[in-house]
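Heads up, the thing below is written out as structure tokens.
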Amino acid sequence: MPTDPTCIFCRIAKGEIPAEIVYRDEFCVAFLDVNPLAPGHLLVIPVDHYALVTQAPPAVIGALASVVPRLGAALMQTASAPAFNLLQNNGSDAGQVVQHVHFHLIPRRSGDGLGYRWNAGAYPQGAAREMGDSYRRFLQAGC
Ligand code: DGP
């Protein structure tokens with residue numbers, strides 16, 4: 001059971017520090033984000049400690065993802081939100097502050113002002129094929 005006694009989310013999972021826990025099973029815990037982007041903002045974490053999604057066994061991520069439909073339905077009802085964003089910041093360069101894998105479920109309402117559009121780019125001619133080739137080589141090598 002990987003755990004880190006200095007990790008705030010490990011400590012929440014163990015009940016060592018308080019959190020507004022709304023769901024718990026053998027593999028995951030879901031609780032209210034203490035700094036919500038909107039009322040009802042949830043975090044769902046694995047009980048075991050992995051900093052990055054790429055370090056967690058697929059079964060752990062599968063367990064986490066499998067509760068998202070139920071949590072999302074609960075969020076839409078409970079927080080009266082017709083929509084939500086499912087967000088996973090992976091690595092500090094991507095904005096991850098707490099180094100224990102977590103998914104955010106962020107309630108969204110029309111006109112809430114949170115925004116979601118990033119500056120999307122475009123591939124120069126041929127670059128998408130090269131990028132696709134690189135991915136296929138990596139994945140076919142069994143990585
Ligand atoms: P991220 O930037 O993706 O690592 O988001 C971490 C989130 O965790 C952030 O929205 C605030 C939340 N958070 C940090 N510390 C605590 C805590 O002690 N309790 C709760 N409930 N949420 C926390």
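Ligands are counted one by one from 1 in listed order, and the atoms in each one are counted from 1 as well. Everything quoted here is computed from the prediction, not taken from an experiment. Worth knowing before you read on, the calculation uses all heavy atoms, side chains too, and leaves out hydrogens, waters and symmetry mates.
- Contact between Val53 and Asn90 at its shortest, heavy atoms only, is N-OD1, 2.8 Å.
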Would you mind writing out a table of all protein N or O atoms found under 3.5 Å from any N or O atom of ligand 1, naming both atoms and giving the distance to 0.1 Å?
unit_1: ligand 1; atom_1: 2 (O); unit_2: Gly95; atom_2: O; d: 2.9
unit_1: ligand 1; atom_1: 2 (O); unit_2: Val97; atom_2: N; d: 3.4
unit_1: ligand 1; atom_1: 3 (O); unit_2: Asn89; atom_2: ND2; d: 2.9
unit_1: ligand 1; atom_1: 3 (O); unit_2: His102; atom_2: NE2; d: 2.7
unit_1: ligand 1; atom_1: 3 (O); unit_2: His104; atom_2: NE2; d: 2.8
unit_1: ligand 1; atom_1: 4 (O); unit_2: Val97; atom_2: N; d: 2.7
unit_1: ligand 1; atom_1: 4 (O); unit_2: Val98; atom_2: N; d: 2.9
unit_1: ligand 1; atom_1: 4 (O); unit_2: His102; atom_2: NE2; d: 3.1
unit_1: ligand 1; atom_1: 5 (O); unit_2: His102; atom_2: NE2; d: 3.2
unit_1: ligand 1; atom_1: 5 (O); unit_2: His104; atom_2: NE2; d: 3.3
unit_1: ligand 1; atom_1: 10 (O); unit_2: Asp33; atom_2: OD1; d: 3.2
unit_1: ligand 1; atom_1: 10 (O); unit_2: Asp33; atom_2: OD2; d: 2.5
unit_1: ligand 1; atom_1: 21 (N); unit_2: Leu32; atom_2: O; d: 2.9
unit_1: ligand 1; atom_1: 21 (N); unit_2: Val34; atom_2: N; d: 3.4
unit_1: ligand 1; atom_1: 22 (N); unit_2: Val34; atom_2: N; d: 3.2

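- Using a 4.5 Å cut-off between side-chain heavy atoms of Ile, Leu, Val, Met, Phe, Trp and Tyr, with links allowed through other members, Leu42 and Val67 fall into the same hydrophobic cluster.
- The shortest distance between side-chain heavy atoms of Asp33 and Ile106 does not fall below 4.5 Å.
- Side-chain contact between His100 and Asp4 is absent, with no heavy-atom pair separated by less than 4.5 Å.
- Aromatic ring orientation, His41 versus His104: tilted (interplanar angle from 30° to 60°).
- A chain of hydrophobic side-chain contacts below 4.5 Å, direct or via other Ile, Leu, Val, Met, Phe, Trp or Tyr residues, connects Leu75 to Leu32.
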